[in-house]
There are 2 protein chains.
Amino acid sequence: MAAVSIRDVAQHAGVSVGTVSNVLNRPGEVSAESVRRVQEAIEVLGYVRNDAARKLRAGVSTTVGFVVLDGQNPFFGDVVRGAEDEGSKSGIAILYGNTDEDPKRERMYLDLFEEQQVRGVLISPYGDINPRLERLRSRGIAAVLVDRFSGDGRFSSVSVDSVAGGRMAVEHLIATGRRRIAFVGGPFEMRQVTDRLAGARAAAENAGEHIDLEVVATDALTVADGAAAGARIIARPRSQWPDAIFAANDLLALGLLQSLIVDGRVLVPDDIALIGFDDISFAAAAAVPLSSMRQPSRMIGRTALRILLEETADPELIPRQTVFQPELVVRASTTPRR
Amino acid sequence: MAAVSIRDVAQHAGVSVGTVSNVLNRPGEVSAESVRRVQEAIEVLGYVRNDAARKLRAGVSTTVGFVVLDGQNPFFGDVVRGAEDEGSKSGIAILYGNTDEDPKRERMYLDLFEEQQVRGVLISPYGDINPRLERLRSRGIAAVLVDRFSGDGRFSSVSVDSVAGGRMAVEHLIATGRRRIAFVGGPFEMRQVTDRLAGARAAAENAGEHIDLEVVATDALTVADGAAAGARIIARPRSQWPDAIFAANDLLALGLLQSLIVDGRVLVPDDIALIGFDDISFAAAAAVPLSSMRQPSRMIGRTALRILLEETADPELIPRQTVFQPELVVRASTTPRR
DNA sequence: AAAACTTTATGAATCGATTCAGGCTCGATT
DNA sequence: AATCGAGCCTGAATCGATTCATAAAGTTTT
């Protein structure tokens with residue numbers, strides 16, 4: 001109803017629309033007097049810039065799309081928070097999409113973001129979406145991969161060295177005397193999962209003695225899947241239990257923990273040690289405080305958004321891979337009280 | 001570069017731009033032949049609708065803003081997820097803003113959403129933002145309050161009966177034999193906090209015998225604040241400990257739990273029973289599985305978005321308050337093993 | 001005092017989709 | 001045969017901010 005446009009502001013201030021636009025976008029080029037009168041008019045009329053018109057004409061967007069793999073995972077909550085912080089510095093808002101590891105949803109959100117002509121896209125991809133991202137790029141929409149190394153270097157990425165993390169986790173288990181280790185994780189379409197497993201394998205092979213490394217596959221990285229995997233493991237005869245479990249993320253680990261210690265069937269870490277990945281804030285508060293590989297989640301989000309903005313400012317920039325090192329956080333779940 | 005517009009599609013299909021627009025928006029009014037040719041042209045040229053132009057001319061937006069109080073809290077993650085699910089049915093995307101209980105950020109996001117001319121706003125408000133929301137409404141942007149009852153009925157809301165929840169929680173504590181109860185929560189600007197406390201008070205007063213109900217204030221509803229409050233409590237002489245704690249949400253409760261049981265100083269629930277609010281998915285996996293008041297978080301999000309869309313479709317609708325009942329979930333933190 | 005710049009302001013053209021008054025065809029009705 | 005209406009289609013006008021060629025006013029240089 002109100003519908004105050006730049007024209008109304010111009011009239012009220014007694015200047016042209018061009019001048020109002022200049023006050024809004026390059027106040028330096030306008031006389032102090034004009035700036036004052038325009039600002040007063042904006043105040044009086046309650047003018048709010050119409051972003052659609054602005055975007056249409058100027059082709060600049062103030063939103064960035066973020067496609068997240070698993071919104072239930074506090075890890076991604078932290079990453080989004082980091083991106084949001086960085087974005088709010090420059091008036092960038094985040095269009096949020098949660099795929100829950102579903103390629104259809106992934107595509108849907110990328111389509112949506114393309115129509116919206118977002119400034120760029122942050123994405124923790126599930127499948128292989130390079131072709132989709134190439135297409136976005138050809139329309140001037142940059143993309144930065146989050147929590148996923150861009151192997152072919154076609155896009156910038158911000159991630160943690162999952163292979164190193166997997167290695168460090170299993171080295172820690174071996175160093176604390178474990179020899180029969182189970183890797184719990186899946187699906188194996190997820191690069192994060194295969195990388196962490198690869199690191200685990202490397203650690204097992206370089207141990208200098210024989211290490212059993214078995215793989216227990218899950219359908220997804222959720223608490224429920226972790227609990228199911230745990231139930232499967234302890235259903236075996238006790239002699240075939242692993243003496244340590246490396247879970248591909250903390251949600252799995254927390255689910256595993258729950259199903260292992262229920263009824264006191266299994267002592268953690270005495271019977272089975274347990275380590276997760278991500279170090280979400282609930283890991284420390286778990287039934288048995290959970291050892292984990294910490295990712296600098298908030299920093300990942302901040303950095304990803306910063307790189308995205310840099311790239312949209314200068315499309316000539318060469319994609320760069322930012323890799324943080326994960327950090328081993330040792331808690332009770334891998335350190336038997338003696 | 002590509003920049004395929006509706007004009008290019010029209011040309012390729014040998015029809016006018018009006019017809020292309022009709023195919024896009026009301027295919028029923030166009031001959032089958034035209035529909036076919038236009039769709040083929042769209043396919044061939046890789047046309048993607050320009051949402052900015054559409055929004056400018058038609059005044060309809062495909063985004064909804066969601067201002068969340070605490071993005072770190074998995075409860076809100078679930079609520080957002082519910083809204084997202086409901087939105088994706090009708091091609092609505094969510095612009096996400098996290099205020100972290102900061103009124104400045106709250107205002108910033110509402111400004112941003114106003115510029116964006118979002119279809120509507122879902123908000124779990126911190127302070128009193130009715131004036132801001134009234135203003136948005138006067139510009140045709142509807143708002144629905146989430147996790148907060150709209151006392152004056154000026155806006156629709158979707159929430160859980162926090163007073164009843166507080167009452168049920170404390171009734172449960174009393175029924176299990178507790179008499180010296182501490183309510184831990186804050187800040188008291190948050191309606192959720194004062195409501196839960198009011199419910200707790202009601203339960204204490206109606207107990208039929210004397211119940212001590214003390215209030216331990218916190219700065220925010222976080223794990224860290226919970227841990228700090230716990231430390232303060234057990235720093236007292238043991239005789240002045242409460243025998244039960246009702247925490248205003250699960251994050252506080254998990255923090256409390258951590259600081260209480262560290263070094264085995266306090267037995268939970270034997271020395272102090274503990275109940276939280278929200279029943280986030282990590283409550284069940286806590287060191288001592290946490291009793292809590294469950295909120296139907298995902299349903300809250302779905303419902304809020306549905307109501308918002310209904311209201312934007314028909315602005316004459318009278319605001320309605322949807323209140324779900326919380327559900328007591330009893331776990332080990334309030335049930336002493338005998 | 002004229003020429004050459006600077007600084008500042010103007011307002012029409014533009015971005016791309018939607019809308020709508022008007023036009024064309026063709027069969028049905030009178 | 002004339003009139004009417006249904007069904008489709010057309011294309012100019014429109015939404016509101018930005019941009020840019022042009023101009024006016026003021027300042028410095030020669």
Side-chain angles (χ1 to χ4, degrees), chain A residues 1-39 41-42 45-63 91 112 114-119 139-140, chain B residues 1-39 41-42 45-63 91 112 114-119 139-140:
Chain A
M1 3 269 95
V4 181
S5 83
I6 200 172
R7 227 167 299 270
D8 304 312
V9 174
Q11 191 166 23
H12 187 102
V15 299
S16 72
V17 294
T19 299
V20 176
S21 177
N22 282 335
V23 169
L24 258 29
N25 299 301
R26 35 190 104 74
E29 299 186 6
V30 180
S31 71
E33 171 63 7
S34 293
V35 170
R36 201 193 54 68
R37 293 171 56 189
V38 168
Q39 279 172 345
I42 288 177
L45 301 177
Y47 167 76
V48 173
R49 200 202 231 129
N50 181 326
D51 186 71
R54 173 183 164 80
K55 180 147 72 181
L56 174 59
R57 178 63 237 247
V60 299
S61 170
T62 56
T63 55
L112 213 57
E114 187 175 350
E115 280 196 18
Q116 296 268 342
Q117 307 198 132
V118 295
R119 178 90 138 257
R139 317 220 162 192
Chain B
M1 6 266 89
V4 181
S5 84
I6 200 172
R7 228 167 298 271
D8 303 314
V9 174
Q11 190 166 25
H12 187 102
V15 299
S16 72
V17 293
T19 299
V20 176
S21 178
N22 282 334
V23 170
L24 257 30
N25 298 301
R26 34 190 104 73
E29 299 185 8
V30 180
S31 70
E33 171 62 9
S34 292
V35 171
R36 202 193 53 69
R37 292 171 57 189
V38 167
Q39 279 172 345
I42 288 176
L45 301 176
Y47 167 76
V48 173
R49 202 204 230 123
N50 181 327
D51 186 71
R54 171 186 166 81
K55 179 148 73 182
L56 173 60
R57 177 66 235 250
V60 300
S61 170
T62 57
T63 56
L112 212 58
E114 187 175 350
E115 281 196 16
Q116 295 269 341
Q117 308 197 133
V118 294
R119 176 90 137 257
R139 316 219 163 195

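Remember, it's a predicted structure, so these values are computed and weren't measured experimentally. Values below: every heavy atom of this structure, side chains too, minus hydrogens, waters and symmetry copies. Just so we're on the same page: letters track the sequence lines, and every chain starts at 1.
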### Query
What does A:S21 touch in the nucleic acid at a heavy-atom separation under 4.0 angstrom: a base, only the sugar-phosphate, or nothing?
base

### Task
Rounded off to whole Å, could you give me the CZ-to-P distance for the B:R57 and D:dA12 pair?
15 Å

### Task
Go through the structure and list residues passing salt bridge (charged side-chain N to carboxylate O under 4.0 Å, His left out) with B:R36, not counting sequence neighbours.
B:E33, B:E40

### Query
Residues two or more places apart in sequence or in another chain: which of them pass side-chain contact (heavy atoms from CB on, under 4.5 Å) with A:A41?
A:V9, A:H12, A:A13

### Query
Taking only residues two or more places apart in sequence, or in another chain, which ones meet B:L112 in a side-chain contact (heavy atoms from CB on, under 4.5 Å)?
A:A93, B:Y109

### Message
Report for the helix from C:dA1-D:dT30 to C:dT30-D:dA1: angle between first-end and last-end helix axes, five pairs each, rounded to 10 degrees.
### Response
50°

### Query
How would you label the contact of B:V15 with the nucleic acid (heavy atoms, under 4.0 Å): base, sugar-phosphate, or nothing?
sugar-phosphate

### Message
Looking at every heavy atom in both B:G14 and B:R37, which two are closest together, and how far apart are they?
### Response
CA-NH2, 4.0 Å

### Query
Hey, does A:S5 have a side-chain heavy atom less than 4.5 Å from the side chain of A:D8?
yes

### Query
So which of residues 25-33 of chain B are in contact with DNA chain C, with a heavy-atom cut-off of under 4.0 Å?
B:N25, B:R26

### Partner residues of A:E114 under the salt bridge (charged side-chain N to carboxylate O under 4.0 Å, His left out) criterion, sequence neighbours left out
A:R132, A:R135, A:R139

### Message
Less than 4.0 angstrom between a side-chain N/O of B:S34 and OP1 or OP2 of D:dC9, yes or no?
### Response
yes

### Task
Measure across A:V23 and A:V35 and return the closest heavy-atom pair with its distance rounded to 0.1 Å.
CG2-CA, 4.1 Å

### Query
Applying side chain to side chain donor-acceptor pair (under 3.5 Å), which residue pairs with at least one partner in residues 20-30 of chain A are found, sequence neighbours left out?
A:S21-A:N25, A:N22-A:R26, A:N25-A:R49, A:N25-A:R54

### Query
Looking only at heavy atoms, which two atoms of A:L56 and B:L56 are closest? And how far apart?
CD2-CD2, 3.5 Å

### Query
If we only count heavy atoms from C-beta on, is the A:L24 to A:I42 side-chain gap below 4.5 Å?
yes

#### Entry: DNA chain D: 5'-proximal contact among B:S16 and B:L56 (nearest heavy atom)
B:S16

### Message
Any heavy-atom pair between the side chains of A:Y47 and A:V38 that's under 4.5 Å?
### Response
no

### Query
What are the bounds, 5' to 3', of the part of DNA chain C that sits under 4.0 Å from heavy atoms of chain B?
C:dG16 to C:dT19

